[in-house]
Student: 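Structure provided below as structure tokens; questions to follow.
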Amino acid sequence: MSDSKQKSIDLATQEILKKAQAENIKTAWDRLESQEPQCGFGQLGLCCTVCDMGPCRIDPFGEGASVGVCGANADTIAARNLVRKVAVGASAHSDHGRDVAHTLSLLSEGHTHDYGISDIEKLKDLAQEFGIDINKTKEEITKALSKKLLEEFGRQEGELVFLKRAPKKRQAIWKKLNIAPRGIDREIVELLHTTTMGVDNDYKNLVNTGLRCALSDGWGGSMVATDLQDVILGAPVPIRGKVNLGVLKENYVNIVVHGHEPILSEMAVKASKDPELIKLAKGVGAEGINLAGICCTANEVLMRHGIPVAGNFLQQELAIITGAVEVMIVDVQCIMPALAEVATCFHTKLITTNPKARFPGVNHIEFKPENAYEVAKQIIKSGIENFTKRNKERVNIPKQEMDLVAGFTKEIIFQILGGKYRATYKPLNEAIISGRLRGLAGVVGCNNPKQTHDYFHTTLVKELIKNDVLVLQTGCSAIACAKHGLLIPEAAKEYAGRGLQEICEAVGIPPVLHLGSCVDNSRILTAASYIIKEGGLGEDLSDIPAAGCAPEWMSEKAITIGFYFVASGVYTVFGASPFATLGSKNLTDYLTKDLESIVGGRFEFCAEPMQMAKIMIEHIDKKRQALKLKPVMYQ
Ligand code: SF4
Ligand code: MSK
């Protein structure tokens with residue numbers, strides 16, 4: 001895979017890949033090449049390392065061993081491998097949620113003064129959901145809410161409070177199948193327990209336990225993260241921004257935030273605007289401080305402040321290879337260990353901030369909500385000092401940057417479609433009912449060097465909007481489509497079908513709505529619940545003419561998101577490799593066929609983006625028929 005055009009369709013990425021090659025700097029694509037051929041047993045999910053009688057592997061051709069030393073067969077091994085990933089993905093999102101709840105608790109007790117309550121209405125709405133009397137002081141409500149939310153993690157019995165947001169019919173399905181999560185931590189621990197040597201050997205039961213655990217993320221940990229971030233940092237509203245490596249600025253001190261938790265990056269935003277620091281930057285010959293983001297941290301600061309996005313997952317190394325980044329601040333998740341090595345090729349300082357994520361030999365400045373602003377200032381100051389060490393000869397900032405509009409939430413969809421004074425989902429539902437809009441799609445997830453970078457996201461999304469499907473996006477997928485000009489209102493005219501175009505033009509929105517980071521997939525779940533509440537599109541989430549897709553996924557978190565989408569009744573397509581299930585036909589059939597009659601949603605695996613669009617559209621049409629809706633207006 002030496003041709004940069006095969007590696008990415010993004011011109012900025014291609015340019016920096018050529019620079020990397022010329023300077024002999026290895027990137028993820030090179031390291032993938034050195035891994036090939038990757039382990040076939042691993043790819044099939046047939047390698048087990050659960051206990052020390054192994055590692056065991058099952059021969060997929062039926063010539064060698066058909067069971068491990070303990071007697072576990074391909075179904076058990078593949079299912080265990082898969083749902084362990086679900087547990088890890090859920091733990092990542094939920095631990096993020098816990099940290100936000102902890103920050104709320106600290107601020108309620110006056111232990112941090114760098115954060116406050118930015119959205120008092122949302123605070124009260126949440127408090128009411130948790131049965132807290134809102135006729136109290138803001139401080140009392142905040143304290144009571146943080147306690148209740150932290151209890152959701154350690155809860156042992158009953159059900160997570162947010163499950164009540166789902167339509168009644170969906171709640172009943174969860175209850176009947178015994179997959180309604182009781183407590184966030186409990187479901188993660190229980191799932192891991194069931195996968196250890198000699199516990200659950202029934203692949204169907206393992207998947208069901210995985211579904212319950214994933215629900216504790218989507219309707220638990222991730223929802224806590226999203227909603228509390230809105231309370232503390234402010235709920236996003238539509239905002240303009242820019243995206244791609246071209247947002248880095250030659251004459252500025254470039255600080256890049258990368259990772260996932262906005263509690264840190266929010267302070268970096270504040271510090272980057274600090275007059276004292278700007279003066280300092282000018283004192284070293286820079287024109288100012290330029291903050292930009294990578295991955296989901298980028299989405300968080302974009303959604304709330306319009307901070308430019310330097311790139312998605314596969315562009316993290318490339319940002320450093322531009323030679324123009326003074327500091328890359330990282331916290332948790334999706335941060336390639338390789339960054340440490342790449343940074344040594346330039347003047348860039350890589351700074352870790354979270355005690356959970358340290359890199360050997362990398363400068364660590366610990367960030368806590370209690371000392372948040374001070375730490376952010378200290379890091380930006382070190383970036384300013386580092387500006388003088390930049391080697392101008394080696395700077396190469398691609399010119400590509402694209403406009404975008406982000407900042408859509410379930411509340412904003414209410415307002416933009418219904419108007420401020422009659423906030424409602426009615427116009428959205430009516431657009432689907434009348435056939436002006438065919439349906440909805442959630443397109444989310446990462447990049448993966450096994451697939452041409454951004455090609456799958458953009459090809460799929462273009463085809464969906466061409467067929468009058470309104471696309472909701474999060475994560476690196478949203479960044480991919482933004483780079484290719486799909487997140488501006490003008491994209492409707494260029495790419496959308498006539499029905500979607502009419503809607504976008506009437507309300508001035510892009511045909512692709514950016515809902516935020518990976519934890520903000522929870523916004524999609526709540527928005528879908530509002531659609532059912534509004535009426536006319538069935539009684540359950542599985543009735544909505546909608547589908548989900550993660551075309552270029554790579555992370556365990558993407559699998560967890562897929563599991564909670566499916567457990568919520570959504571038909572969900574995964575691109576690239578079908579997450580290590582092929583080694584068990586039974587497991588694959590259960591995920592791609594049987595689950596639909598059980599939970600209303602199911603998985604589909606598909607390696608080609610136009611085909612992904614085709615099967616998603618077919619599914620949407622099937623749901624339209626089941627609801628006896630009018631035919632799509634403009635075929
Ligand atoms: Fe082998 Fe069974 Fe141990 Fe897995 S759990 S490594 S299959 S003996
Ligand atoms: S950052 S999980 S690469 S979307 Fe959320 Fe991007 Fe996937 Fe990480």
Side-chain angles (χ1 to χ4, degrees), residues 28 41 45-59 65-81 84-85 88-90 92-93 96 194-201 206 217 222 225-226 257-262 265 293-303 309-317 330-336 442-449 451 453-454 456-457 473-482 514-522 549-562 574-576 583-584:
F41 292 99
L46 293 181
C47 170
C48 183
T49 58
V50 160
C51 86
D52 200 42
M53 292 190 282
C56 301
R57 51 192 206 181
I58 306 300
D59 184 346
S66 62
V67 291
V69 176
C70 66
N73 63 16
D75 299 338
T76 302
I77 292 174
R80 273 195 316 220
N81 284 336
R84 280 184 163 215
K85 293 178 186 168
V88 178
H93 285 154
H96 170 168
T194 63
T195 65
T196 194
M197 194 265 148
V199 185
D200 197 358
N201 297 306
L206 280 161
D217 170 2
S222 281
T226 296
V257 286
H258 173 24
H260 277 79
E261 297 188 350
S265 49
I294 295 272
C295 277
C296 277
T297 282
N299 289 324
E300 298 280 6
V301 287
L302 165 72
M303 292 280 284
V309 177
N312 50 8
F313 176 70
L314 278 178
Q315 290 178 290
Q316 55 187 286
E317 298 174 277
V330 300
D331 54 17
V332 287
Q333 302 170 27
C334 303
I335 302 148
M336 289 191 196
V443 182
V444 306
C446 329
N447 310 128
N448 188 329
Q451 293 165 283
H453 171 233
D454 290 351
F456 290 74
H457 293 300
Q473 290 214 280
T474 62
C476 292
S477 185
I479 301 175
C481 291
H514 190 338
L515 271 74
S517 67
C518 297
V519 291
D520 294 334
N521 283 311
S522 64
C549 186
E552 298 180 27
W553 75 279
M554 65 84 203
S555 166
E556 290 157 319
K557 293 177 287 172
I559 300 180
T560 315
I561 293 165
F574 268 66
S584 160

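Numbering of ligands and ligand atoms starts at 1, following listing order.
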Student: Determine whether His260 and Lys557 satisfy the following criterion, side chain to side chain donor-acceptor pair (under 3.5 Å), listing intermediate values before the conclusion.
Tutor: CA-CA 12 Å; His260 277 79; Lys557 293 177 287 172; 3.2 Å; yes
Student: Could you tell me which non-hydrogen atom of His258 sits nearest to which non-hydrogen atom of Ile335, and how far apart they are?
Tutor: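 What the structure gives for the nearest pair is NE2-CA, 3.6 Å.
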Student: Take atom 8 (Fe) of ligand 2 and tell me which protein N, O or S atoms are nearer than 2.8 Å.
Tutor: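 Near atom 8 (Fe) of ligand 2, below 2.8 Å, one finds Cys334 SG.
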Student: Under 2.8 Å from atom 1 (Fe) of ligand 1, how many protein N/O/S atoms can be counted?
Tutor: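 Number of qualifying protein atoms: 1.
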Student: Does the side chain of Asn312 come within less than 4.5 Å of His453's, by heavy atoms?
Tutor: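 Heavy-atom side-chain distance check passes, below 4.5 Å.
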Student: Looking only at side-chain N and O atoms, does Thr474 offer a donor or acceptor that is under 3.5 Å from a partner on Asp520?
Tutor: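 Their side chains do not contain a donor-acceptor pair, so the 3.5 Å distance test is not met.
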Student: How about Gln316 and Val330: do any of their side-chain heavy atoms sit closer than 4.5 Å?
Tutor: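 SC-SC contact between Gln316 and Val330 ruled out.
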Student: For atom CZ of Arg57, is the number of surrounding heavy atoms from other residues, nucleotides or ligands below 6.0 Å larger than 12?
Tutor: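 12 or below, so no.
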Student: Is there a side chain to side chain donor-acceptor pair (under 3.5 Å) between Ser265 and Thr297? Walk through the geometry before answering.
Tutor: CA-CA 7 Å; Ser265 49; Thr297 282; 4.6 Å; no
Student: At a 4.0 Å threshold, what atoms of ligand 1 neighbour a non-hydrogen atom of Arg80?
Tutor: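 In order of numbering, the contacting atoms are 4 (Fe), 5 (S).
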Student: If you compare all heavy atoms of Val519 against all heavy atoms of His93, which two are closest, and at what distance to 0.1 Å?
Tutor: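 Reported closest heavy-atom pair: CG1-CD2, 3.7 Å.
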Student: Counting only N and O atoms by type, is there a donor-acceptor contact under 3.5 Å from the side chain of His457 to the main-chain atoms of Cys446?
Tutor: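 Flag set: sc His457 to bb Cys446 pair under 3.5 Å.
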Student: Show the nearest heavy-atom pair for residues Gly575 and Gln451, with the distance to one decimal.
Tutor: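 Looks like C-NE2, 4.3 Å.
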Student: Could you check whether any side-chain heavy atom of Thr195 comes within less than 4.5 Å of a side-chain heavy atom of Leu206, counting everything from C-beta outward?
Tutor: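 Thr195 vs Leu206: side chains touch.
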Student: Under 4.0 Å, counting heavy atoms only: does Arg57 come that close to any atom of ligand 1?
Tutor: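 Heavy atoms of Arg57 never come under 4.0 Å of ligand 1.
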Student: Provide the number and element of each atom of ligand 2 under 4.0 Å from a heavy atom of Gly445.
Tutor: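 Every atom of ligand 2 under 4.0 Å from some heavy atom of Gly445: 4 (S).
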